[in-house]
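Scroll down for the structure; my scribbles are underneath it.
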Amino acid sequence: MKKGDHLFLVDGSGYIFRAYHALPPLTRKSDGLPVGAVSGFCNMLWKLMQNARDTDVGATPTHFAVIFDYSSKTFRNELYPEYKANRSAPPEDLIPQFGLIREATRAFDLPCLEMEGYEADDLIATYARLACEAGGDTTIISSDKDLMQLVGPTVSMYDPMKDKEINVPEVIEKWGVPPEKMIDLQALMGDSVDNIPGVPGIGQKTAAQLLEEYGDLDTLLERAGEIKQQKRRETLIENRDKALMSRELVRLRNDVPGVEPLDDFVLQPPNGPKLISFLKAMEFTTLTRRVAEASGAEAAEIESAQVDVEWGEAAHGPDVGSKPADATAEGDAASPAAAAGDTPGALAAARAAEAVAQKVDNTAYDCIRDIATLREWIAEAREAGVVAFDTETTSLDPMQAELCGFSLATRPGRAAYVPLIHKSGAGDLLGGGLVEGQIPARDALAELKPLMEDRSVLKVAQNLKYDLVIMQRHGIDVAPYDDTMLLSYVLDGGSNGSHGMDALSERWLGHTPIAFKDVCGSGKAMVTFDFVDLDRATCYAAEDADVTLRLWRVLKPRLAEKGLVSVYERLERPLVPVLGRMEQRGISVDRQILSRLSGDFAQGAAALEDEIYQLAGERFTVGSPKQLGDILFGKMGLPGGSKTKTGQWSTTARELEDLAAAGHELPRKIVDWRQLTKLKSTYTDALPGFINPQTKRVHTSYALASTTTGRLSSSDPNLQNIPIRTAEGRKIRTAFIAEPGNLLISADYSQIELRVLAHVADIPQLRQAFADGIDIHAMTASEMFGVPVEGMPGEVRRRAKAINFGIIYGISAFGLANQLAIPREEASAYIKKYFERFPGIRDYMDAAKAHSRDNGYVETIFGRRIHFPEIRSPNPSVRAFNERASINAPIQGSAADIIRRAMVRMEAALEKAGLHNTQMLLQVHDELIFEAPEGEIEAAMPVIRDVMEHAAMPALAMKVPLHVDARAAKNWDEAH
DNA sequence: ACAGAAGCTTA
DNA sequence: GTAAGCTTCTGTT
């Protein structure tokens with residue numbers, strides 16, 4: 001910085017409070033996110049930066065920075081613990097805007113500064129001093145009187161809301177003293193807002209008068225005895241210390257250490273696309289247009305940014321203050337702000353009421369049968385800016401399904417179906433021809449494609465992943481989009497009821513949609529959708545789009561109301577296309593290997609069967625637990641044996657192992673037989689049937705919204721439970737192979753759940769052990785039993801390991817005793833010992849239970865909520881179960897969130913590294929499986945590890961490092 | 001043809 | 001003790 005340069009310092013924290021109260025409330029159109037202050041801030045920044053170019057207007061900045069308070073705790077609290085203590089929590093709809101304003105600053109490419117232990121004002125004072133020393137001028141964008149002490153020859157202030165400059169004359173006019181006496185003035189008059197005591201009974205007028213007469217505070221206090229008015233004289237003498245302390249509180253520090261060099265603040269030309277992307281996300285249309293015009297960018301071509309919204313709990317900082325216990329983000333309809341109709345809560349409530357009030361009439365929909373009408377509908381969708389859609393196909397498997405038609409809804413009650421390949425004569429042996437008057441599929445899709453890909457039209461679907469795959473197969477990349485199933489999952493995960501459309505419609509609209517089986521039948525009598533007549537198909541298909549749109553209107557605002565926007569936008573929505581692509585890629589499975597294994601297993605099972613019949617003395621259905629129980633415990637009279645809840649003899653592997661250990665031959669054979677038949681029927685026989693005839697690969701289906709904790713699930717086939725524990729089972733993994741020239745890479749998180757536990761419960765020993773990379777179970781054993789890690793007996797470590805896992809599952813003495821086959825008392829003693837060694841774990845468990853009981857849900861480290869509606873059940877065992885699940889859910893769920901984040905980022909990271917043919921195929925909870933050409937393997941593994949190990953950043957700094965092991969091989973067995 | 005119980009596979 | 005999905009058997013519709 002040099003002479004003639006001009007530094008602009010924006011008091012960001014001050015601005016937001018003022019803007020919030022001064023500007024009319026404004027909420028983001030699509031979901032009611034409060035953005036009034038953000039809007040004012042952006043407009044103000046834009047105007048100021050424009051001045052940098054329009055040199056004839058006002059001051060022209062060469063350097064620019066925005067300063068924020070870091071935390072409510074500063075060095076002033078050490079001087080005076082009551083400092084700012086009476087500050088109340090900020091209004092609820094202001095909370096998310098603190099983070100957004102920082103985002104806005106970054107979108108403007110401006111330095112966003114804050115420092116722990118100091119207020120924004122101290123930083124401003126420091127930078128103003130540095131600018132002055134460098135010969136430059138400073139304008140502080142604020143009207144806060146606390147900053148007026150800085151005004152002088154090179155420093156002025158500017159009130160952006162009143163468009164008024166504040167220089168020395170203005171300060172004198174307003175306060176009756178020049179800027180250099182502001183400190184003394186404030187020390188005398190105090191400040192009720194900041195809880196600065198001042199001198200009782202002395203206000204602004206008296207303070208100014210006294211300073212006028214005596215010059216400064218020190219002189220005044222020295223000569224206080226000379227004051228004529230008795231009362232004033234006495235209070236001044238009596239409150240001397242208060243005045244001096246107040247002065248230290250109001251005096252700004254202009255020597256904050258470790259600040260950034262001014263040269264870093266040189267004003268850059270604005271980054272148009274980045275800024276426009278943010279403004280679009282905020283839905284500030286006017287400013288978006290202005291910025292686009294000024295920067296010559298085409299706003300329509302720029303994608304809206306993904307912006308994280310923090311609703312308080314997770315946000316650091318001050319600005320958020322301490323929230324009163326009752327002021328949750330629940331958008332209380334009775335709160336004054338909500339009553340004004342401007343909070344997300346009020347919008348959500350209004351939408352919910354609207355949804356029930358507007359009845360669904362599924363006989364009023366259009367069937368579109370010509371291009372002209374379709375074009376009208378598409379124009380209508382563009383006008384509306386949001387359109388719900390649904391595809392009707394011939395199969396639940398999107399990789400095999402044929403598109404029969406699609407439906408669109410532009411507003412509640414306004415929906416249509418576009419049939420494409422419907423056929424007449426269902427049941428007709430000859431299978432009738434195409435129904436007359438349908439738009440050729442190719443033509444209709446050509447019309448649909450631009451709408452589906454239009455960045456300015458939001459597409460809404462229920463279980464979007466399915467429709468996305470269908471569309472992708474027709475060359476259409478749907479964006480942007482929302483998924484009502486995922487909205488429901490984020491809002492009500494764990495609550496009773498599913499997130500299927502029919503259930504959501506019942507719950508939110510009070511309407512029962514036409515059931516699929518009433519249209520197509522079920523079982524053997526089921527017909528594919530292309531054989532449904534057009535009237536019936538229109539009622540059903542258009543209703544689905546209509547209902548989806550209505551659900552979206554109800555659910556979307558609730559996201560902001562509950563503070564779940566970032567969970568949805570970071571952990572759910574972006575995963576949809578990623579999983580879609582993984583499913584479409586599939587994995588190669590070697591038929592020959594499976595077939596050979598099936599033969600081996602069949603042979604083994606047959607041999608065992610013979611031996612079993614001999615030992616039992618009769619032939620029976622070995623696979624029937626009922627018959628087996630009768631033989632073992634009835635006919636043969638073997639001892640022990642417990643009963644299942646239906647009164648049958650239990651024949652679990654556990655039970656049979658015990659009998660085998662007691663020297664009985666038959667139970668061992670049964671266990672072995674079960675293993676072989678299980679492997680055969682579930683895996684080696686079933687998997688070949690899943691090989692897609694076109695792709696020759698197996699395409700699993702991932703459910704995003706089926707687990708309570710946030711994990712994915714896999715089905716058709718389930719590739720998340722392929723055997724690994726036994727040598728026999730492991731052989732199945734050798735059938736999962738890479739294409740010739742490729743290898744499979746398996747990358748898995750090591751001990752991710754224990755690491756999450758160490759993080760959330762903040763256990764020093766665990767953190768240390770993970771930081772040092774030592775054996776966590778051996779460490780636990782060593783702590784508990786006082787055994788050195790060196791030369792530790794295997795049994796000791798095994799017990800510690802069982803306890804560690806038990807903790808994650810919400811330990812009980814009963815369960816641990818069961819797991820370790822030890823008496824309950826012994827298990828109890830272990831748990832007691834464990835809690836003595838790691839009291840933080842007990843604290844965590846108690847806190848999780850209490851939170852669940854008090855709120856009905858628990859949260860992961862990224863804010864995902866998992867509901868436990870039965871946590872207060874009067875039934876003790878139901879309650880205990882919910883308590884254990886409440887302990888487990890944040891751990892399992894946080895781990896699930898972490899790998900989700902890794903998956904969302906993985907493709908771009910690989911792409912950026914030039915690894916265009918390294919593809920993510922499978923996810924198994926803590927493991928990702930990739931296929932890559934041999935030439936990319938070396939480069940891919942570090943990229944994959946890096947993305948996975950840093951997946952929590954930057955949202956969260958884990959207190960424990962994450963560790964990923966990765967290996968590459970021809971098949972999954974060797975890669976893992 | 002379907003639903004629930006029992007059992008087994010995974011993280 | 002947490003979270004899933006699939007197969008077989010068995011009894012009901």
Side-chain angles (χ1 to χ4, degrees), chain A residues 494 517 521-526 620-629 643-656 670-671 673-683 685-687 689-690 700-703 706-726 728-730 732-733 748-754 757 802-820 824 827 831 845 848 858 866 868 877 880-893 895-896 899 922-927 976:
Chain A
K517 70 176 197 311
S522 64
K524 223 177 73 181
M526 191 167 93
F620 65 103
T621 308
V622 185
S624 163
K626 187 168 132 70
Q627 292 182 35
L628 177 64
K643 298 283 186 76
T644 68
K645 63 185 166 194
T646 54
Q648 294 288 324
W649 288 108
S650 166
T651 65
T652 61
R654 188 63 192 261
E655 210 72 50
L656 299 178
I670 301 285
V671 169
W673 179 90
R674 278 188 182 163
Q675 195 205 166
L676 293 178
T677 52
K678 170 82 178 178
L679 295 176
K680 182 171 184 291
S681 68
T682 307
Y683 303 105
D685 284 354
L687 280 171
F690 286 101
T700 184
S701 171
Y702 287 106
S706 77
T707 72
T708 47
T709 55
R711 274 190 178 180
L712 303 179
S713 76
S714 155
S715 65
D716 310 297
N718 180 357
L719 296 184
Q720 291 180 323
N721 71 346
I722 302 302
I724 191 169
R725 246 181 50 257
T726 66
E728 288 292 288
R730 245 190 137 111
I732 291 163
R733 292 196 170 218
D748 68 302
Y749 284 108
S750 152
Q751 309 283 13
I752 189 168
E753 293 193 346
L754 278 175
L757 176 67
I803 295 169
N804 276 334
F805 276 96
I807 294 294
I808 290 170
Y809 299 152
I811 203 153
S812 76
F814 180 84
L816 183 64
N818 224 7
Q819 175 68 32
L820 288 174
R824 181 121 50 114
I831 295 169
M845 295 173 88
V858 293
I866 297 132
F868 291 96
S877 73
F881 174 78
N882 277 273
E883 287 176 352
R884 289 194 298 272
S886 297
I887 291 164
N888 172 258
I891 303 171
Q892 187 184 119
I899 197 165
L922 303 177
Q923 190 250 42
V924 192
H925 308 310
D926 63 0
E927 174 187 14
H976 188 81

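Labels below follow one simple rule: chain letters A, B, ... track the order of the sequence lines, proteins then strands, and each chain is numbered from 1. Just so it is clear, the values below take in all heavy atoms, side chains as well, and ignore hydrogens, waters and symmetry mates. Just so you know, these numbers come straight off a predicted model, no measurement behind them.
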task = Could you pick out which residue, A:Pro717 or A:Arg711, lies toward the 5' side of DNA chain C when each is mapped onto its nearest nucleotide?
result =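 Final value for this comparison: A:Arg711.
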
query = Reading DNA chain B 5' to 3', which nucleotide is the first, and which the last, to come under 4.0 Å of any heavy atom in chain A?
reply = B:dA1 to B:dA11

Distance in angstrom units between [X] [atom1] and [N] [atom2], rounded:
X        : N     : atom1 : atom2 : result
A:Leu757 : C:dG1 : CG    : P     : 20 Å
A:His925 : C:dA4 : NE2   : P     : 10 Å
A:Ile891 : C:dA3 : CD1   : C1'   : 12 Å
A:Tyr809 : C:dA4 : OH    : P     : 13 Å
A:Asp716 : C:dA4 : CG    : P     : 17 Å
A:Ile899 : C:dA4 : CD1   : P     : 17 Å
A:Leu816 : C:dG1 : CG    : P     : 10 Å
A:Gln819 : C:dT2 : CD    : P     : 12 Å

With a 4.5 Å cut-off on side-chain heavy atoms, are [Y] and [X] touching?
X        : Y        : answer
A:Gln892 : A:Thr707 : no
A:His925 : A:Glu927 : no
A:Leu719 : A:Val924 : no
A:Arg674 : A:Thr651 : yes

Please determine, for the side chain of [X], which listed nucleotide ([options]) has the closest atom?
X        : options             : result
A:Asn888 : C:dT2, C:dG1, C:dC9 : C:dT2
A:Ser715 : C:dG1, C:dA3, C:dG5 : C:dG5
A:Thr621 : C:dC9, C:dT2, C:dA4 : C:dC9

message = Are more than 12 heavy atoms, taken from residues, nucleotides or ligands other than A:Arg824, located less than 6.0 Å from that residue's CZ atom?
response =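 No, the 6.0 Å shell around CZ holds no more than 12 heavy atoms from other groups.
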
query = Counting only non-hydrogen atoms, which of residues 673-683 of chain A are less than 4.0 Å from DNA chain C?
reply =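 A:Lys678, A:Ser681, A:Thr682, in order of number.
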
ask   = OP1 or OP2 of C:dT2 less than 4.0 angstrom from a side-chain nitrogen or oxygen of A:Arg884, does that happen here?
value = yes

request  = Measure across A:Gln627 and A:Thr621 and return the closest heavy-atom pair with its distance rounded to 0.1 Å.
outcome  = OE1-N, 3.0 Å

